[in-house]
Amino acid sequence: MIRSWHLGDDRQSLVLASFDDRLPEAVYWGPALPTGENLETLSAAALADVTGGMVDRNAGLSLCPEASESFPGQTGLTARNASGTPLMPSFRFESEAASEHGLTLVFADKGLDLSLVFDLVLTPETSLLKLQTRLESADEITVYWLAAPVLPVPAHTGEMIEFSGRWCAEFLTRRLPFAPGSRVRDNRTGRTDHAHFPGLVICNAGTSNTAGEAFAFHYGWSGGHKMVAEELADGRRQVQFGHATASLASGRHFVSAPLYATYSATGFNGAAVRFQRHVRDHVVQGARTPRPVHYNCWEAVYFKHDLDELKAIASQAADLGAERFVLDDGWFGRRDDDTSSLGDWVIDKRKYPDGLTPLIDHIKALGMEFGIWFEPEMVNEDSDLCRAHPDWVLGHADQIRGRQQLVLDMSNQEVRDYLYAHIADVLKNNDIGYIKWDHNRILPVVDAEQAEGFYELVDRLRSDFPAVEIESCSSGGGRIDFGVLERTHRVWLSDSNDALERQRIQHDAALFLPASVTGSHVGPRHCHTSGRTLDIRLRAWTAAQRHMGFEMDPRELTEAEAETLRNVTSWWKANRSWMMQADILRLDSADPAVIAEQQLAGDGSRFVAFAALTRPSDQILPRPLRLTGLDPQGRYRLSLVNRDEAPRLSRGAPLLKHQDLEASGQYLMSHGLTLPWRFPETVWVVEGERL
Ligand code: GLA
C-alpha cells in the first residue's frame with residue numbers, strides 16, 4: 001500500500017511516499033510537477049530494482065533512514081536506552097495532519113514506545129521548505145544523532161558547494177565532486193562558527209549563478225551542526241543535517257533545528273533569492289526601516305574610552321551621515337584591555353563618572369540612536385562575577401582559555417537570571433535602541449543546552465524590550481544562522497573591514513543573506529586586520545552594497561575623503577528603501593578578477609549593479625558584464641553613477657562613460673555592459689530603471 005503527499009508550488013515539487021506504512025521517502029524533488037500528476041503511480045515508478053549481492057528490498061532512503069532496515073549508509077537516528085542498549089526502531093504510520101502550508105506526519109514504534117514526527121512546511125511567498133524532525137520517547141533515552149528530515153538529491157547532480165572559513169574570511173566556498181562515500185562536516189566548536197556555516201548547495205558542473213539546477217540547504221541552529229552528504233554504494237545520494245554529534249542529549253523529547261531547503265532551476269541565484277527573502281520577511285522579526293547608517297567606534301578607540309573624544313567622534317560621524325552610534329567593548333567593569341571584566345556589566349565610573357547619559361544625550365542631540373556592546377555568555381577570571389561564582393563557568397578548570405576568557409554555563413537558570421537582570425538594568429536606565437551581542441570564543445564543551453540557554457535569554461530580553469534591535473556578532477561572523485536571526489536583526493559579517501576581502505565575503509554570504517541584515521562598515525584607511533591601504537571610494541561603495549556603516553576614526557579622513565563618504569552615504573540613503581528589499585543576484589563575470597552583483601527590486605522596476613575589480617585583469621580591456629533577471633523584451637535606462645572615477649588612462653569613449661544607455665533586457669543579459677577601463681581595487685556602480 002502506498003500513501004503519498006505533495007508539497008509544492010509553481011517552482012518546485014516535493015513528493016513523499018510511504019510504502020506499507022513505513023517511513024516516508026522523497027520519491028521526487030525537482031521542478032514543479034503538472035497538476036493532476038498521479039502521485040501513487042509516480043511513487044511506484046520510483047522503486048528501484050534489486051540484483052545480485054543485494055538484500056531483497058532496497059532499504060528506504062526515508063526522511064529518517066533506519067538501522068532496522070539495514071540501511072547501507074548514515075542512518076537518521078542513533079539512540080540508546082537507559083541501560084545503554086542501542087535502539088533499532090522500526091516506525092510505522094500513525095497519523096497525518098495538514099498544517100498551514102504544510103503537513104505533519106506521525107510515525108510510531110509501539111514496541112519501543114517511540115514516536116517520530118515530521119513537520120514539513122513550504123512557505124508560498126518564498127518557496128522555501130522548512131523541515132523539522134521530532135522524537136518522543138516514553139522512557140528516558142540518550143540520542144547521539146537525530147537528523148532533520150533527510151532528503152535525497154538526484155543522481156544527475158554531480159557536485160556540491162560547501163562552506164568553510166576562518167576569522168576575517170567567512171563564507172569560503174568549495175566546489176567538490178559528489179563521490180562514493182560521505183562528505184562529513186561535524187562542528188565541534190559549540191557555536192555556528194566561522195569555519196562551519198551550516199549550508200550546502202548540490203549542483204551540476206554547469207550550474208552557474210544565473211543558470212542550471214541547484215538544491216540548497218541551511219540548518220538554522222546556533223550550537224554547531226553536523227552535515228553528511230553521502231553517495232551510497234548503490235548510487236543513491238542523501239543529505240543529512242542535525243546538531244553536532246558532540247551535543248548528545250538524554251531525555252524524552254528531542255527536536256532537530258529546522259532544515260531550510262529549496263530546489264532552483266535558475267542557478268544559484270534562484271535559491272539565494274529564496275533564502276534572502278525568507279530571512280528578510282519570515283525569519284527576522286521587527287527590524288526597523290529604513291535601516292539606519294551605523295557608526296561603530298571599535299576600530300577608532302578600542303578600549304580607550306574618553307568622553308570628550310567619543311563626543312567629537314560622534315559629531316563627525318553624524319556629519320558624515322551616521323544615524324546610529326554603537327559604543328563597543330570597553331564601557332563596563334574595569335575593561336582597559338581584553339584580560340578583565342567580562343561578566344561585570346556595570347558602567348565603569350572611571351571612564352563615565354556620570355554614567356552613559358552625557359554621551360547618550362550628545363548622541364541623541366545629533367539625531368542618532370545609541371547602541372551598546374555586550375558579550376553576555378562570557379566571563380573573565382579577573383571579574384567580580386567569576387570571583388563570586390566560579391561554579392558558573394562551563395567546562396574544566398584547566399581548560400584552554402580563549403581571548404583570556406571563559407564561558408558561562410547558559411543551561412543554569414541562575415546564570416541567565418543574572419545576565420538578564422544586568423542587561424535589563426542597563427537598558428532600563430539608559431536610552432538604548434540597539435545591542436551588539438558578541439561571542440568571542442568557541443565553547444569548551446559542546447552542548448545544545450548552551451545554545452538553548454542563549455536563545456532563552458535573548459527571547460526574554462526581546463519580549464521585555466521589543467524596541468531594542470540586536471546584532472549577532474562572534475568575532476565577526478562566527479554566529480550567523482537562521483536560528484540566531486529569528487531573534488536578532490543584523491549580523492556582523494566579518495571583523496575584516498578590508499573592502500577587497502569584504503567583496504568576496506559579501507558575495508558568498510549573499511547565497512543566504514539579504515542586504516538588510518548584513519552589516520558592512522567603511523573601515524580605516526590602513527586596514528587593521530589585513531594591513532592593506534585602500535581608497536575611500538572602494539571602501540565606501542563596498543559598504544554601500546549592504547547595511548551601511550562606518551568604523552574608522554572619522555578624524556583620520558581628509559576633507560576629500562569625507563566628501564566622498566558623505567556623497568556615497570547620501571546615495572545609499574536615497575536608495576535604501578528599495579535596495580534593502582531587493583534581491584541580490586550574483587553575476588557570472590567573464591573576468592575572474594571581477595566580483596559583480598546586481599540588486600534588483602522585487603517588481604523589476606529598477607536595479608543597481610556593482611562590479612568590483614579586485615586585481616588587475618589578465619586581458620587589457622574590461623570584459624562586458626552580463627546582467628540578469630531582466631525582462632528580455634523590456635527597455636531599460638542605465639547610468640554609470642560614479643563615472644567621475646574613470647582614470648585618465650581610460651582614453652577611449654565607451655558610451656556609459658559619457659552618457660546614459662537605453663537598451664533592451666535581452667541585450668543587457670546577452671551582450672552585457674561595456675564599462676570603461678579602470679584601476680584595480682575600484683567598484684563601478686551602474687543604476688538601471690525600466691522604462
Ligand atoms: C569582537 C568583535 C569586534 C569587537 C570586539 C570587541 O572581536 O567581532 O567587532 O566588538 O570583539 O572586543
Side-chain angles (χ1 to χ4, degrees), residues 165-171 189 191-195 197 222 294-305 310 313 317 322 324-345 348 351 370-380 382-383 401-407 423 426 432 434-443 469-481 484 488-499 501-502 505-506 509 517-524 527-530 543 546-553:
R166 61 164 164 82
W167 177 70
C168 285
E170 291 80 351
F171 287 90
T189 68
R191 64 174 175 184
T192 329
D193 205 60
H194 310 75
F197 175 74
S222 310
H294 273 225
Y295 177 78
N296 181 298
C297 68
W298 176 238
E299 294 200 352
V301 300
Y302 293 104
F303 298 100
K304 200 174 150 289
H305 289 207
L310 286 167
I313 288 173
R324 176 184 272 161
F325 181 101
V326 180
L327 185 68
D328 213 281
D329 194 355
W331 58 268
F332 54 91
R334 298 175 68 83
R335 180 91 166 156
D336 296 333
D337 56 33
D338 60 15
T339 60
S340 86
S341 302
L342 290 175
D344 298 344
W345 301 109
D348 185 346
K351 298 178 185 172
F370 181 76
I372 195 162
W373 183 94
F374 283 97
E375 195 179 2
E377 295 131 282
M378 300 294 160
V379 66
N380 286 112
D382 182 6
S383 68
R401 273 59 177 161
R403 207 192 190 200
Q404 285 88 235
Q405 64 201 47
L406 295 163
V407 185
I423 297 170
V426 175
I432 292 175
Y434 190 78
I435 291 176
K436 177 175 173 184
W437 188 304
D438 218 330
H439 183 285
N440 279 315
R441 55 158 294 171
I442 60 172
L443 302 187
E469 278 201 9
I470 302 180
E471 170 174 38
S472 173
C473 175
S474 179
S475 304
R479 185 151 67 186
I480 299 178
D481 58 80
V484 81
T488 55
H489 308 88
R490 188 190 206 237
V491 295
W492 184 226
L493 186 63
S494 178
D495 270 354
S496 174
N497 283 322
D498 176 309
E501 291 174 355
R502 275 278 171 163
I505 303 170
Q506 289 178 179
V517 304
T518 310
S520 189
H521 295 173
V522 181
C527 177
H528 293 188
T529 54
S530 69
R546 296 293 184 269
H547 182 190
M548 188 174 191
F550 321 138
E551 195 161 333
M552 89 301 278
D553 186 335

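Start at 1 and go down the list; that is how both ligands and their atoms are numbered. Since we're looking at a predicted model, the values are computed, not measured.
- Proximity of M552 to E299: side-chain heavy atoms (C-beta onward) are nowhere separated by under 4.5 Å.
- Between the side chain of Q405 and the main chain of M378, no donor-acceptor pair closer than 3.5 Å is present.
- The two residues G330 and F303 make their nearest non-hydrogen contact at CA-CD2, 4.1 Å.
- A distance of 6.0 Å or more separates the ring centres of W373 and Y434.
- Ring orientation note: the planes of H547 and H294 are nearly perpendicular, at an angle over 60° on the 30°/60° scale.
- The aromatic rings of F197 and F171 sit tilted relative to each other, their planes meeting at an angle between 30° and 60°.
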What are the polar N/O contacts of ligand 1 with the protein below 3.5 Å, with distances?
residue	atom	partner	partner atom	Å
ligand 1	7 (O)	D495	OD2	3.1
ligand 1	8 (O)	G476	N	3.0
ligand 1	8 (O)	D495	OD1	2.5
ligand 1	8 (O)	D495	OD2	3.0
ligand 1	9 (O)	K436	NZ	2.7
ligand 1	9 (O)	D495	OD1	3.3
ligand 1	10 (O)	D328	OD1	2.6
ligand 1	10 (O)	D328	OD2	3.3
ligand 1	10 (O)	W373	NE1	3.1
ligand 1	10 (O)	K436	NZ	3.0
ligand 1	10 (O)	D438	OD2	3.3
ligand 1	11 (O)	D438	OD2	3.0
ligand 1	11 (O)	N440	ND2	3.2
ligand 1	12 (O)	D329	OD2	2.6
ligand 1	12 (O)	R403	NH1	2.9
ligand 1	12 (O)	R403	NH2	2.9

